[in-house]
Enquirer: 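Below: one structure in structure tokens.
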Amino acid sequence: MILSAVGDERFPHSHIKDHPMAVKAYGTHASSNPLEPMNITRREVGAHDVKIDIAYCGVCHSDLHQARDEWGGTVFPCVPGHEIVGRVSAVGEHVKGFRPSDLVGVGCIVDSCRTYAECENGAENYCDGMIGTYNGPASDAPGHTLGGYSQKIVVHERYVLRTRHPEDQLAAVAPLLCAGITTYSPLRHWKAGPGKKVGVVGIGGLGHMGIKLAHAMGAHVVAFTTSESKREAARALGADEVVVSRNQEEMAAHEKSFDLILNTVAAPHDLNAFLVLLKLGGTLALVGVPPSPHTAPQVFNLIKKRRSIAGSMIGGIPETQEMLDFCAAHGIVADIELISASGINDAYERMLKGDVKYRFVIDNATLAA
Ligand code: NAP
Ligand code: ZN
């Protein structure tokens, strides 16, 4: 059943069905509801806008956190999705960088202040005015942004990325737009490379990209997983060593040895177990955003080796393009399981169980059905 916003009091804009920019989407009207089909509208193509027919959209754990309002602040209806790839179908009159039929991507950012230092320096991800691809303020209906679980999107050209991968890899490129950049940016910031020992905790969507990228950068990579079943698979992704983090002996063998540990886990846990693995001056970089806090770190575990706990959020637009080009040059894409839009609720349940190798990607053509 397609839920139409027409005649629905939750949608004041009852002309939506006949709207020239009406598109089909999957989303939810409440945190306790499953995702379901719905009709949404996109704005008219402005002078600097790019209109994209979305081919595929990756399924990030942040989509689940926000659809279920686990972080608070979700506005409904919520159409998640910020790992978008597709083909340009129209451009505004002032758009210089893109033409119809170009293959492009859109990640987590669709607008920012474009004025102050963060934006000037290409760090739109740290701009206080950053607008997320979904759940951010917007002047067009319904008053907030709606994401990539939809047939089309209209985005200012500044936030559109170019993909140089072969077209037949397009579905597997989608997760680079969030999982790729979210791991690439901290790996670059903390200088993962030859001679560095880098840990990646949690082998899910982000973690499997972290392993591939750190390996391609030349670091010695150790994967930490709670899943014995991922031991061999993590090596195939490029990990030099794999530690099942529930095994105390395996953990102890790596004490005081890491330059950087990238923690992607989506649930609260004891950070001390990883802090003690850092060598002098090492950094535990958190990218996973659990709905409730981690166990507080013990100060002695920080001061004894001048260790740091840090955080990192996605990446800016220039760095996202750099990451896409790095991945194209190194033949890196995500390992994916392609699903139809109607499979999204099952996919969320399987993601919670860690039962995906390693990213679900929606085939957006199935939205037309
Ligand atoms: P994911 O695919 O679900 O992967 C998370 C992995 O963490 C799991 O595969 C699992 O790996 C491990 N894990 C261990 N215990 C877990 C538990 N109790 N619950 C869930 N996972 C557990 O998620 P993702 O898409 O990679 O996202 C990971 C986190 O990063 C989420 O919190 C997401 O919101 C956040 N995120 C942050 C940013 C940012 O900018 N900082 C960007 C995107 C996403 P093993 O089986 O190997 O243990
Ligand atoms: Zn994401």
Side-chain angles (χ1 to χ4, degrees), residues 57-71 74 80-84 105-109 123-126 130 132-135 147-149 174-187 189 199-212 222-235 237 239 242-247 262-271 273-274 285-294 310-316 319-320 323 334-337 347-361:
C57 184
V59 178
C60 179
H61 207 116
S62 300
D63 299 350
L64 185 158
H65 287 313
Q66 290 181 84
R68 297 184 179 181
D69 200 17
E70 291 179 350
W71 294 337
T74 301
H82 56 205
E83 294 185 336
I84 295 167
V106 175
C108 306
I109 308 172
E124 298 89 347
N125 51 323
Y126 297 120
M130 185 201 102
T133 302
Y134 61 90
N135 204 39
Y149 298 2
L176 304 184
L177 275 304
C178 176
I181 184 59
T182 301
T183 48
Y184 182 91
S185 185
L187 289 170
H189 181 80
V200 178
V201 188
I203 314 306
L206 267 59
H208 96 289
M209 288 309 309
I211 293 173
K212 289 184 184 213
V222 181
F224 292 91
T225 181
T226 57
S227 311
E228 181 69 46
S229 63
K230 293 183 187 170
R231 198 188 278 278
E232 286 313 310
R235 289 190 77 95
L237 293 168
V242 182
V243 171
V244 174
S245 52
R246 301 185 203 278
N247 184 319
L262 195 58
N263 188 330
T264 76
V265 175
H269 57 281
D270 183 10
L271 299 182
F274 297 102
L286 305 182
V287 291
V289 190
S292 52
H294 293 298
S312 183
M313 191 175 80
I314 48 176
E319 195 175 38
T320 304
M323 175 277 308
D335 288 18
I336 65 162
E337 183 174 332
Y348 278 7
E349 292 310 313
R350 284 184 50 199
M351 185 161 61
L352 282 172
K353 291 186 220 146
D355 176 24
V356 50
K357 289 196 170 82
Y358 288 90
R359 195 57 134 189
F360 291 111
V361 172

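Counting starts at 1 for both ligands and their atoms, following the listed order. For this chain, numbers begin at 1 and follow the sequence in order. Heavy-atom basis, side chains included; hydrogens, waters and symmetry copies ignored. None of these values were measured; they are calculated from a predicted model.
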Enquirer: So, do P175 and Y358 sit near enough that their side-chain heavy atoms are less than 4.5 Å apart?
Expert: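 A side-chain contact is absent here, since even the closest heavy-atom pair is not under 4.5 Å.
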Enquirer: Between the side chains of E83 and R359, is the shortest nitrogen-to-carboxylate-oxygen separation below 4.0 Å, so that they form an ion pair?
Expert: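 Yes, R359 and E83 are salt-bridged.
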Enquirer: How many angstroms lie between OG1 in T226 and NE2 in H269, if you round to the nearest 0.5 Å?
Expert: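 It comes to 10.0 Å.
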Enquirer: With a cut-off of 2.8 Å, does any N, O or S atom of C108 fall short of it relative to the Zn ion (ligand 2)?
Expert: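 No, C108 does not qualify, because none of its backbone or side-chain N, O or S atoms lies under 2.8 Å.
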Enquirer: Any N/O/S of H61 under 2.8 Å from the Zn ion (ligand 2)?
Expert: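 For H61, the answer is no, given that no N, O or S atom comes within less than 2.8 Å of the Zn ion (ligand 2).
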Enquirer: For G202, does its backbone N or O pair with a side-chain atom of T264 as donor and acceptor, under 3.5 Å?
Expert: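 Yes, because the side chain of T264 sits within donor-acceptor range (under 3.5 Å) of the backbone of G202.
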Enquirer: Find the distance between CZ (F360) and CD (E337) and round it off to the nearest 0.5 Å.
Expert: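 Result: 4.5 Å between the selected atoms.
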Enquirer: Should E228 and R231 count as an ion pair when the cut-off is N to O under 4.0 Å?
Expert: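 Judged by the 4.0 Å cut-off on N to carboxylate O distance, E228 and R231 do form a salt bridge.
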Enquirer: Do E349 and R68 meet the salt-bridge criterion of a basic N to acidic O distance under 4.0 Å?
Expert: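 Answer for the salt bridge query: yes.
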Enquirer: Give the residues near ligand 1 by chain and number, with the criterion being a heavy-atom distance under 4.0 Å.
Expert: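 Within 4.0 Å of ligand 1, the protein residues are C60, H61, S62, H65, W71, C178, T182, G202, I203, G204, G205, L206, T225, T226, S227, K230, T264, V265, A266, A267, V287, G288, V289, S312, M313, I314, M351, R359.
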